[in-house]
Amino acid sequence: MLDIFQYNFILRGFEAGVIIAFIAPLIGTFLVLRRYSLIADTLSHISLAGVAMAFLFGWNPILTTLGVTTISSVGMERLRNTKHIYGESALALFLSGGLAIATVLLSLGKGFNSNLLNYLFGSIVTVTQNDIYTILILGVIVLILLIIFYKEIVYITFDEESAKVSGLPVRFINTIFIMLVAITVSLAIPIIGILLITALIVIPVVTALQLKKGFLKTIIYAECFSILSVIAGIFVSFYFNLSTGGTIVLLMLGIFLIVILSKRYL
Amino acid sequence: MHIDHTKNIIEIKNISSSYGDETILNDINLSIHKGDYLGIVGSNGSGKTTLLRTILGLLSFKRGTIKLFGQDISVFKDWSKIGYVPQKVINFDNNFPVTVEEVVMMGRYGKLGLFKRINDKDKQEVYKALEQVEMLPYRNRPIGDLSGGQQQRVFIARALTGNPEIIFLDEPTVGVEKDIKEKFYKLLHDLNEKLKLTIVIVTHDIESMSHEAMHVACIKDHTLIFHESIDDLFKESHGIISRRL
(Lines give C-alpha, C1' and ligand atoms only; values in the text may rest on other atoms or scores of the structure.)
Protein backbone atom coordinates (compact mmCIF):
# COMPACT_ATOMS: atom_id res chain seq x y z
CA MET A 1 0.00 0.00 0.00
CA LEU A 2 2.67 2.50 1.01
CA ASP A 3 4.87 1.99 -2.05
CA ILE A 4 5.90 5.64 -1.54
CA PHE A 5 8.52 4.45 0.98
CA GLN A 6 10.25 2.28 -1.62
CA TYR A 7 11.91 5.41 -2.97
CA ASN A 8 15.00 6.67 -1.20
CA PHE A 9 14.44 10.25 -2.35
CA ILE A 10 10.99 10.21 -0.73
CA LEU A 11 12.47 9.00 2.55
CA ARG A 12 15.06 11.76 2.39
CA GLY A 13 12.26 14.21 1.63
CA PHE A 14 10.36 13.08 4.71
CA GLU A 15 13.44 13.34 6.91
CA ALA A 16 14.31 16.84 5.70
CA GLY A 17 10.66 17.89 5.68
CA VAL A 18 9.99 16.92 9.30
CA ILE A 19 13.13 18.72 10.53
CA ILE A 20 12.13 21.88 8.64
CA ALA A 21 8.49 21.59 9.71
CA PHE A 22 9.67 21.41 13.31
CA ILE A 23 12.09 24.36 13.19
CA ALA A 24 10.12 26.84 11.04
CA PRO A 25 7.21 27.53 13.47
CA LEU A 26 9.63 27.90 16.39
CA ILE A 27 11.21 30.86 14.62
CA GLY A 28 7.91 31.89 13.04
CA THR A 29 6.14 32.43 16.39
CA PHE A 30 8.59 35.16 17.35
CA LEU A 31 8.68 36.67 13.85
CA VAL A 32 4.90 36.92 13.55
CA LEU A 33 4.44 38.37 17.04
CA ARG A 34 7.14 40.97 16.42
CA ARG A 35 5.50 41.88 13.08
CA TYR A 36 8.73 40.78 11.40
CA SER A 37 7.22 38.32 8.92
CA LEU A 38 8.70 40.32 6.05
CA ILE A 39 12.21 39.58 7.29
CA ALA A 40 11.75 35.92 6.37
CA ASP A 41 10.51 36.97 2.94
CA THR A 42 13.48 39.30 2.45
CA LEU A 43 15.98 36.64 3.51
CA SER A 44 14.36 34.07 1.23
CA HIS A 45 14.76 36.41 -1.74
CA ILE A 46 18.35 37.12 -0.72
CA SER A 47 18.92 33.36 -0.55
CA LEU A 48 18.41 33.22 -4.32
CA ALA A 49 21.72 35.08 -4.60
CA GLY A 50 23.25 32.23 -2.59
CA VAL A 51 21.74 29.63 -4.91
CA ALA A 52 22.98 31.58 -7.96
CA MET A 53 26.50 31.74 -6.47
CA ALA A 54 26.42 28.02 -5.78
CA PHE A 55 25.39 27.35 -9.42
CA LEU A 56 28.12 29.63 -10.77
CA PHE A 57 30.99 28.30 -8.66
CA GLY A 58 29.79 24.74 -8.13
CA TRP A 59 29.41 25.13 -4.36
CA ASN A 60 26.93 23.47 -1.99
CA PRO A 61 23.65 25.45 -2.38
CA ILE A 62 22.54 25.13 1.28
CA LEU A 63 25.88 26.19 2.73
CA THR A 64 26.36 29.02 0.21
CA THR A 65 22.85 30.27 0.93
CA LEU A 66 23.56 30.00 4.65
CA GLY A 67 26.62 32.25 4.28
CA VAL A 68 24.80 34.84 2.15
CA THR A 69 21.67 35.01 4.32
CA THR A 70 23.61 35.12 7.61
CA ILE A 71 25.84 38.01 6.47
CA SER A 72 22.83 39.84 5.04
CA SER A 73 20.77 39.30 8.21
CA VAL A 74 23.45 40.93 10.37
CA GLY A 75 23.72 43.80 7.85
CA MET A 76 19.94 44.26 7.88
CA GLU A 77 19.82 44.37 11.68
CA ARG A 78 22.62 46.94 11.81
CA LEU A 79 20.98 49.14 9.19
CA ARG A 80 17.67 48.97 11.07
CA ASN A 81 19.42 49.92 14.33
CA THR A 82 21.05 53.02 12.85
CA LYS A 83 17.53 54.47 12.47
CA HIS A 84 18.78 56.44 9.46
CA ILE A 85 16.17 54.70 7.34
CA TYR A 86 12.84 53.07 8.19
CA GLY A 87 12.90 49.37 9.06
CA GLU A 88 10.76 48.35 6.06
CA SER A 89 12.92 50.41 3.72
CA ALA A 90 16.00 48.52 4.95
CA LEU A 91 14.20 45.27 4.11
CA ALA A 92 13.23 46.56 0.65
CA LEU A 93 16.87 47.51 -0.04
CA PHE A 94 18.13 44.06 0.87
CA LEU A 95 15.28 42.23 -0.89
CA SER A 96 15.73 44.01 -4.22
CA GLY A 97 19.53 44.03 -3.88
CA GLY A 98 19.57 40.26 -3.27
CA LEU A 99 17.31 39.59 -6.25
CA ALA A 100 19.39 41.87 -8.49
CA ILE A 101 22.63 40.07 -7.56
CA ALA A 102 20.89 36.72 -8.10
CA THR A 103 19.63 37.58 -11.60
CA VAL A 104 23.02 38.96 -12.68
CA LEU A 105 24.86 35.86 -11.38
CA LEU A 106 22.28 33.53 -12.95
CA SER A 107 22.61 35.24 -16.33
CA LEU A 108 26.42 35.05 -16.05
CA GLY A 109 26.33 31.33 -15.33
CA LYS A 110 23.39 30.55 -17.63
CA GLY A 111 21.58 29.33 -14.50
CA PHE A 112 18.03 29.99 -15.71
CA ASN A 113 17.14 26.30 -16.08
CA SER A 114 14.97 23.59 -14.56
CA ASN A 115 17.39 23.18 -11.64
CA LEU A 116 16.62 26.78 -10.66
CA LEU A 117 12.90 25.99 -10.62
CA ASN A 118 13.58 23.27 -8.02
CA TYR A 119 15.05 25.89 -5.72
CA LEU A 120 12.38 28.48 -6.46
CA PHE A 121 9.43 26.20 -5.79
CA GLY A 122 10.97 23.33 -3.81
CA SER A 123 11.41 19.72 -4.78
CA ILE A 124 12.26 16.75 -2.61
CA VAL A 125 14.16 15.28 -5.57
CA THR A 126 16.93 17.81 -4.98
CA VAL A 127 17.57 16.60 -1.40
CA THR A 128 20.73 14.49 -1.14
CA GLN A 129 21.89 12.43 1.85
CA ASN A 130 24.53 15.10 2.58
CA ASP A 131 21.77 17.73 2.56
CA ILE A 132 19.95 15.73 5.25
CA TYR A 133 23.03 15.84 7.47
CA THR A 134 23.44 19.58 6.83
CA ILE A 135 19.75 20.27 7.53
CA LEU A 136 19.90 18.13 10.70
CA ILE A 137 23.01 19.90 12.05
CA LEU A 138 21.59 23.36 11.25
CA GLY A 139 18.23 22.41 12.77
CA VAL A 140 19.90 21.23 15.99
CA ILE A 141 21.92 24.49 16.16
CA VAL A 142 18.72 26.57 15.80
CA LEU A 143 16.92 24.46 18.42
CA ILE A 144 19.76 24.65 20.98
CA LEU A 145 20.20 28.44 20.57
CA LEU A 146 16.44 28.96 20.84
CA ILE A 147 16.34 26.91 24.05
CA ILE A 148 19.31 28.86 25.47
CA PHE A 149 17.85 32.29 24.66
CA TYR A 150 14.15 31.37 24.88
CA LYS A 151 13.22 33.50 27.88
CA GLU A 152 15.11 36.55 26.59
CA ILE A 153 13.60 36.28 23.09
CA VAL A 154 10.10 35.94 24.60
CA TYR A 155 10.66 39.09 26.69
CA ILE A 156 12.04 41.10 23.76
CA THR A 157 9.16 39.92 21.56
CA PHE A 158 6.60 41.06 24.11
CA ASP A 159 8.20 44.30 25.26
CA GLU A 160 11.62 45.21 23.86
CA GLU A 161 11.89 48.48 25.79
CA SER A 162 11.34 46.92 29.22
CA ALA A 163 13.73 44.11 28.28
CA LYS A 164 16.39 46.77 27.63
CA VAL A 165 15.70 48.49 30.95
CA SER A 166 15.97 45.15 32.76
CA GLY A 167 19.57 44.96 31.55
CA LEU A 168 19.19 42.19 28.97
CA PRO A 169 21.66 42.48 26.04
CA VAL A 170 18.85 43.16 23.58
CA ARG A 171 21.01 44.06 20.57
CA PHE A 172 23.12 40.91 20.95
CA ILE A 173 20.05 38.69 21.28
CA ASN A 174 18.35 40.36 18.31
CA THR A 175 21.45 39.63 16.22
CA ILE A 176 21.46 35.98 17.32
CA PHE A 177 17.74 35.76 16.54
CA ILE A 178 17.98 37.18 13.03
CA MET A 179 20.87 34.80 12.32
CA LEU A 180 18.59 31.93 13.41
CA VAL A 181 15.99 33.19 10.91
CA ALA A 182 18.70 33.15 8.23
CA ILE A 183 19.67 29.57 9.11
CA THR A 184 16.02 28.45 9.07
CA VAL A 185 15.44 30.01 5.65
CA SER A 186 18.57 28.31 4.27
CA LEU A 187 17.70 24.87 5.51
CA ALA A 188 14.11 25.10 4.26
CA ILE A 189 14.98 25.93 0.64
CA PRO A 190 15.42 22.40 -0.78
CA ILE A 191 11.96 21.24 0.30
CA ILE A 192 9.72 24.28 0.24
CA GLY A 193 11.52 26.53 -2.23
CA ILE A 194 12.62 30.15 -2.02
CA LEU A 195 9.26 31.63 -2.97
CA LEU A 196 7.24 29.69 -0.40
CA ILE A 197 9.50 29.63 2.69
CA THR A 198 7.70 32.51 4.35
CA ALA A 199 4.48 30.50 4.20
CA LEU A 200 6.05 27.65 6.18
CA ILE A 201 7.35 30.07 8.79
CA VAL A 202 4.21 32.21 9.06
CA ILE A 203 1.01 30.25 8.25
CA PRO A 204 1.13 27.57 11.01
CA VAL A 205 1.81 30.31 13.58
CA VAL A 206 -1.00 32.55 12.34
CA THR A 207 -3.30 29.50 12.49
CA ALA A 208 -2.22 28.61 16.05
CA LEU A 209 -2.69 32.23 17.18
CA GLN A 210 -6.38 31.96 16.28
CA LEU A 211 -6.77 29.46 19.14
CA LYS A 212 -5.76 32.13 21.72
CA LYS A 213 -3.62 29.94 23.97
CA GLY A 214 -0.52 30.77 26.08
CA PHE A 215 2.90 31.21 24.48
CA LEU A 216 4.13 27.62 24.76
CA LYS A 217 0.78 26.14 23.72
CA THR A 218 0.72 28.40 20.66
CA ILE A 219 4.14 27.05 19.64
CA ILE A 220 2.96 23.45 20.19
CA TYR A 221 -0.17 23.95 18.05
CA ALA A 222 1.89 25.64 15.33
CA GLU A 223 4.26 22.64 15.39
CA CYS A 224 1.35 20.23 14.94
CA PHE A 225 -0.11 22.18 11.98
CA SER A 226 3.30 22.49 10.37
CA ILE A 227 4.41 18.85 10.70
CA LEU A 228 0.97 17.58 9.63
CA SER A 229 0.99 19.79 6.51
CA VAL A 230 4.52 18.81 5.47
CA ILE A 231 3.96 15.05 5.86
CA ALA A 232 0.55 15.19 4.16
CA GLY A 233 1.97 17.51 1.50
CA ILE A 234 4.74 15.07 0.55
CA PHE A 235 2.21 12.19 0.34
CA VAL A 236 -0.28 14.15 -1.77
CA SER A 237 2.36 15.64 -4.07
CA PHE A 238 3.83 12.17 -4.66
CA TYR A 239 0.55 10.44 -5.52
CA PHE A 240 -0.86 13.30 -7.60
CA ASN A 241 2.46 14.35 -9.14
CA LEU A 242 2.25 17.91 -7.85
CA SER A 243 4.80 20.47 -6.67
CA THR A 244 5.82 19.58 -3.10
CA GLY A 245 6.23 23.14 -1.85
CA GLY A 246 2.97 24.36 -3.35
CA THR A 247 1.02 21.37 -2.02
CA ILE A 248 2.39 21.87 1.51
CA VAL A 249 1.47 25.56 1.50
CA LEU A 250 -2.04 24.86 0.15
CA LEU A 251 -2.60 22.30 2.91
CA MET A 252 -1.44 24.85 5.49
CA LEU A 253 -3.88 27.40 4.09
CA GLY A 254 -6.60 24.71 4.18
CA ILE A 255 -5.96 24.10 7.91
CA PHE A 256 -6.00 27.86 8.50
CA LEU A 257 -9.40 28.12 6.81
CA ILE A 258 -10.79 25.17 8.78
CA VAL A 259 -9.66 26.76 12.07
CA ILE A 260 -11.10 30.16 11.15
CA LEU A 261 -14.43 28.67 10.00
CA SER A 262 -14.74 26.33 12.99
CA LYS A 263 -14.12 29.29 15.31
CA ARG A 264 -16.91 31.19 13.64
CA TYR A 265 -19.50 28.44 13.29
CA LEU A 266 -18.78 25.93 16.09
CA MET B 1 9.01 68.95 53.79
CA HIS B 2 12.64 69.47 52.78
CA ILE B 3 14.32 67.45 50.02
CA ASP B 4 17.02 65.32 51.64
CA HIS B 5 19.91 65.09 49.16
CA THR B 6 22.03 62.83 51.35
CA LYS B 7 20.20 59.69 50.27
CA ASN B 8 20.08 60.35 46.54
CA ILE B 9 19.86 57.20 44.42
CA ILE B 10 19.42 59.01 41.10
CA GLU B 11 21.40 62.15 40.29
CA ILE B 12 20.97 64.00 37.03
CA LYS B 13 23.33 66.92 36.37
CA ASN B 14 23.14 69.39 33.49
CA ILE B 15 21.53 66.93 31.08
CA SER B 16 20.93 68.31 27.61
CA SER B 17 20.04 66.53 24.45
CA SER B 18 18.71 67.37 21.04
CA TYR B 19 17.22 65.71 18.00
CA GLY B 20 18.75 67.39 14.98
CA ASP B 21 18.44 71.13 15.64
CA GLU B 22 15.61 70.71 18.10
CA THR B 23 16.40 70.75 21.85
CA ILE B 24 14.56 67.96 23.63
CA LEU B 25 16.12 68.37 27.10
CA ASN B 26 17.64 71.63 28.27
CA ASP B 27 20.16 71.58 31.13
CA ILE B 28 18.11 69.41 33.51
CA ASN B 29 19.25 68.93 37.11
CA LEU B 30 17.25 66.53 39.25
CA SER B 31 17.89 64.18 42.14
CA ILE B 32 15.68 61.41 43.49
CA HIS B 33 16.23 60.17 47.01
CA LYS B 34 15.57 56.77 48.53
CA GLY B 35 11.93 56.33 49.56
CA ASP B 36 10.77 59.31 47.49
CA TYR B 37 7.46 59.48 45.67
CA LEU B 38 8.13 61.88 42.82
CA GLY B 39 5.71 63.05 40.17
CA ILE B 40 7.34 64.41 37.02
CA VAL B 41 4.59 66.52 35.53
CA GLY B 42 4.19 68.57 32.38
CA SER B 43 1.98 68.98 29.37
CA ASN B 44 2.18 66.82 26.25
CA GLY B 45 5.45 67.33 24.38
CA SER B 46 7.10 69.11 27.33
CA GLY B 47 9.93 66.56 27.47
CA LYS B 48 8.94 64.57 30.59
CA THR B 49 8.83 61.18 28.86
CA THR B 50 12.11 62.02 27.08
CA LEU B 51 13.66 62.69 30.49
CA LEU B 52 12.37 59.36 31.82
CA ARG B 53 13.68 57.44 28.79
CA THR B 54 17.05 59.18 29.16
CA ILE B 55 17.30 58.21 32.85
CA LEU B 56 16.49 54.60 31.89
CA GLY B 57 19.24 54.52 29.25
CA LEU B 58 16.79 54.20 26.35
CA LEU B 59 17.87 57.55 24.86
CA SER B 60 21.36 58.99 24.67
CA PHE B 61 22.21 62.53 25.74
CA LYS B 62 24.71 65.13 24.55
CA ARG B 63 25.89 66.81 27.74
CA GLY B 64 25.77 66.20 31.48
CA THR B 65 25.93 63.17 33.75
CA ILE B 66 23.44 60.65 35.10
CA LYS B 67 24.34 58.63 38.18
CA LEU B 68 22.24 55.61 39.14
CA PHE B 69 22.91 54.34 42.67
CA GLY B 70 26.20 56.25 42.71
CA GLN B 71 27.45 54.87 39.40
CA ASP B 72 27.66 56.62 36.06
CA ILE B 73 24.93 55.31 33.74
CA SER B 74 27.54 54.24 31.15
CA VAL B 75 29.00 51.66 33.56
CA PHE B 76 25.85 50.87 35.56
CA LYS B 77 25.06 47.15 35.44
CA ASP B 78 22.67 46.50 38.32
CA TRP B 79 19.47 47.17 36.36
CA SER B 80 17.48 44.81 38.56
CA LYS B 81 17.39 47.66 41.11
CA ILE B 82 15.18 49.53 38.65
CA GLY B 83 11.62 48.57 37.72
CA TYR B 84 9.83 50.09 34.74
CA VAL B 85 6.16 50.23 33.83
CA PRO B 86 5.90 51.59 30.27
CA GLN B 87 2.90 53.57 29.12
CA LYS B 88 2.08 51.20 26.35
CA VAL B 89 3.82 47.95 25.71
CA ILE B 90 4.88 48.45 22.11
CA ASN B 91 3.87 45.16 20.54
CA PHE B 92 1.26 44.33 23.08
CA ASP B 93 -2.15 43.66 21.69
CA ASN B 94 -4.97 41.70 23.19
CA ASN B 95 -4.19 38.71 20.99
CA PHE B 96 -0.64 38.30 22.26
CA PRO B 97 -0.54 34.70 23.53
CA VAL B 98 0.79 35.13 27.07
CA THR B 99 -0.77 34.45 30.43
CA VAL B 100 -0.56 36.85 33.39
CA GLU B 101 2.01 34.57 35.06
CA GLU B 102 4.16 34.51 31.91
CA VAL B 103 4.14 38.32 31.73
CA VAL B 104 5.13 38.75 35.38
CA MET B 105 7.84 36.10 35.07
CA MET B 106 9.54 38.33 32.46
CA GLY B 107 10.37 40.69 35.32
CA ARG B 108 12.71 37.99 36.71
CA TYR B 109 14.70 37.51 33.51
CA GLY B 110 17.02 40.51 33.94
CA LYS B 111 17.89 39.39 37.47
CA LEU B 112 18.36 35.77 36.38
CA GLY B 113 20.75 36.68 33.58
CA LEU B 114 21.62 34.72 30.45
CA PHE B 115 21.87 30.91 30.45
CA LYS B 116 19.92 30.49 33.73
CA ARG B 117 16.63 28.62 33.89
CA ILE B 118 13.54 29.63 35.84
CA ASN B 119 13.35 27.85 39.20
CA ASP B 120 10.88 27.52 42.12
CA LYS B 121 12.20 30.67 43.79
CA ASP B 122 11.34 32.68 40.67
CA LYS B 123 7.82 31.24 40.71
CA GLN B 124 7.42 32.17 44.36
CA GLU B 125 8.58 35.73 43.63
CA VAL B 126 6.06 35.96 40.77
CA TYR B 127 3.22 34.79 43.04
CA LYS B 128 4.35 37.23 45.74
CA ALA B 129 4.31 40.16 43.30
CA LEU B 130 0.89 39.11 41.96
CA GLU B 131 -0.43 38.96 45.49
CA GLN B 132 0.90 42.45 46.25
CA VAL B 133 -1.18 43.85 43.39
CA GLU B 134 -4.14 41.54 44.18
CA MET B 135 -3.94 39.74 40.83
CA LEU B 136 -2.91 36.24 41.96
CA PRO B 137 -6.28 34.63 41.11
CA TYR B 138 -5.83 35.80 37.50
CA ARG B 139 -2.41 34.20 37.00
CA ASN B 140 -3.54 31.66 34.37
CA ARG B 141 -5.67 34.10 32.38
CA PRO B 142 -4.47 35.45 29.01
CA ILE B 143 -3.31 39.05 29.56
CA GLY B 144 -5.55 40.19 26.70
CA ASP B 145 -8.67 39.09 28.61
CA LEU B 146 -8.08 41.62 31.41
CA SER B 147 -9.34 45.19 31.68
CA GLY B 148 -6.94 48.14 31.25
CA GLY B 149 -6.70 48.67 35.01
CA GLN B 150 -5.99 44.97 35.66
CA GLN B 151 -3.34 44.92 32.92
CA GLN B 152 -1.67 47.93 34.54
CA ARG B 153 -1.53 46.03 37.86
CA VAL B 154 0.06 43.05 36.09
CA PHE B 155 2.75 45.32 34.63
CA ILE B 156 3.40 46.74 38.09
CA ALA B 157 3.73 43.16 39.40
CA ARG B 158 6.25 42.52 36.60
CA ALA B 159 8.25 45.56 37.72
CA LEU B 160 8.05 44.44 41.37
CA THR B 161 9.04 40.83 40.85
CA GLY B 162 12.70 41.73 40.29
CA ASN B 163 12.64 43.30 43.81
CA PRO B 164 13.66 46.77 42.58
CA GLU B 165 14.52 49.70 44.84
CA ILE B 166 12.85 52.19 42.53
CA ILE B 167 10.09 51.94 39.94
CA PHE B 168 9.40 54.33 37.10
CA LEU B 169 5.90 54.55 35.66
CA ASP B 170 5.15 56.34 32.40
CA GLU B 171 1.63 57.85 32.27
CA PRO B 172 0.16 54.88 34.19
CA THR B 173 -3.40 56.19 34.41
CA VAL B 174 -4.04 57.15 30.80
CA GLY B 175 -7.33 55.61 29.72
CA VAL B 176 -8.08 54.23 33.20
CA GLU B 177 -11.47 54.96 34.78
CA LYS B 178 -11.70 57.23 37.83
CA ASP B 179 -12.50 54.61 40.51
CA ILE B 180 -9.81 52.26 39.15
CA LYS B 181 -7.40 55.19 39.14
CA GLU B 182 -8.05 55.78 42.85
CA LYS B 183 -7.39 52.10 43.66
CA PHE B 184 -4.24 52.30 41.54
CA TYR B 185 -2.88 55.28 43.48
CA LYS B 186 -3.75 53.55 46.75
CA LEU B 187 -1.63 50.59 45.61
CA LEU B 188 1.32 52.88 44.78
CA HIS B 189 0.91 54.65 48.13
CA ASP B 190 1.05 51.30 49.97
CA LEU B 191 4.12 50.18 48.01
CA ASN B 192 5.87 53.44 48.89
CA GLU B 193 4.77 53.40 52.52
CA LYS B 194 5.06 49.71 53.42
CA LEU B 195 7.81 48.44 51.12
CA LYS B 196 9.71 51.77 51.17
CA LEU B 197 9.80 51.54 47.40
CA THR B 198 10.91 54.71 45.62
CA ILE B 199 8.32 55.70 43.05
CA VAL B 200 8.68 58.03 40.07
CA ILE B 201 5.61 58.75 37.96
CA VAL B 202 5.68 60.66 34.70
CA THR B 203 2.23 62.09 34.18
CA HIS B 204 0.18 65.02 33.00
CA ASP B 205 -2.25 64.27 35.87
CA ILE B 206 -1.08 67.19 38.03
CA GLU B 207 -4.13 67.09 40.27
CA SER B 208 -3.55 63.50 41.39
CA MET B 209 0.14 64.16 41.94
CA SER B 210 -0.64 67.08 44.22
CA HIS B 211 -2.47 64.59 46.49
CA GLU B 212 -0.31 61.51 46.07
CA ALA B 213 3.34 62.47 45.56
CA MET B 214 5.88 63.74 48.10
CA HIS B 215 7.66 65.84 45.51
CA VAL B 216 6.78 67.26 42.14
CA ALA B 217 9.17 68.13 39.34
CA CYS B 218 7.66 70.18 36.56
CA ILE B 219 8.97 70.19 33.00
CA LYS B 220 7.97 72.90 30.60
CA ASP B 221 9.44 73.49 27.13
CA HIS B 222 12.10 70.80 27.77
CA THR B 223 13.33 72.63 30.89
CA LEU B 224 12.84 71.74 34.56
CA ILE B 225 11.05 74.76 35.98
CA PHE B 226 10.77 73.55 39.58
CA HIS B 227 11.35 70.55 41.83
CA GLU B 228 9.87 70.95 45.27
CA SER B 229 8.03 69.10 47.96
CA ILE B 230 4.24 69.22 47.78
CA ASP B 231 4.09 70.94 51.18
CA ASP B 232 6.42 73.73 50.05
CA LEU B 233 4.42 74.23 46.90
CA PHE B 234 1.17 74.58 48.80
CA LYS B 235 2.80 76.93 51.29
CA GLU B 236 3.67 79.25 48.42
CA SER B 237 0.25 79.32 46.96
CA HIS B 238 -2.63 77.03 46.12
CA GLY B 239 -2.80 76.23 42.45
CA ILE B 240 0.75 77.36 41.83
CA ILE B 241 1.51 74.30 39.77
CA SER B 242 -1.10 74.98 37.18
CA ARG B 243 -0.17 78.67 37.04
CA ARG B 244 3.49 77.89 36.44
CA LEU B 245 2.58 75.49 33.70
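Everything quoted here is computed from the prediction, not taken from an experiment. Side chains included, hydrogens not; waters and symmetry mates left out as well; all remaining heavy atoms used.
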>> Does anything in residues 119-136 of chain B reach chain A? List residues with heavy atoms under 4.5 Å apart, or say none.
In response: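 Expected list: none.
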> Out of A/L211, A/V154, A/L168, which one racks up the most heavy-atom pairs below 4.5 Å with chain B?
Replying inline: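 Among A/L211, A/V154, A/L168, the one with the most close pairs to chain B is A/L168.
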Chain A interface, residue from [options] that has the most non-hydrogen pairs under 4.5 Å:
options                     : result
B/Y109, B/F168, B/W79       : B/Y109
B/I82, B/T99, B/L114, B/L56 : B/L114
B/E101, B/M105, B/R53       : B/R53

Side chain, backbone, both or neither: which part of [X] has an atom under 4.5 Å from a heavy atom of chain A?
X      : value
B/R117 : side chain
B/V103 : side chain
B/L58  : side chain

> If we only count heavy atoms from C-beta on, is the B/R158 to A/F158 side-chain gap below 4.5 Å?
Replying inline: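 Result yes, sub-4.5 Å side-chain heavy-atom pair found.
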> Got more than 12 heavy atoms from elsewhere within 6.0 Å of NZ, B/K67?
Replying inline: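 It does not: B/K67 NZ has 12 such atoms or fewer within range.
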> Just wondering, are more than 12 heavy atoms of other shown residues or ligands nearer than 6.0 Å to NZ in B/K183?
Replying inline: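 Not more than 12 within 6.0 Å, no.
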>> Can you tell me how far apart OG (A/S166) and OH (B/Y84) are? Round to the nearest 0.5 Å.
In response: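 The OH atom of B/Y84 is 12.0 Å from OG of A/S166, to the nearest 0.5 Å.
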>> To the nearest 0.5 Å, what is the distance between CZ on B/F115 and NZ on A/K151?
In response: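 So the gap between those two atoms works out to 8.5 Å.
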>> With a strict 4.5 Å heavy-atom criterion, list every residue of residues 213-228 of chain A that contacts chain B, or say none.
In response: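 Hits under 4.5 Å: A/K213, A/G214, A/F215, A/L216, A/T218.
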> At their closest point, which heavy atom of B/P97 faces which heavy atom of A/L209, and how far apart are they?
Replying inline: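 Closest approach of B/P97 to A/L209: CG-CD2, 3.6 Å.
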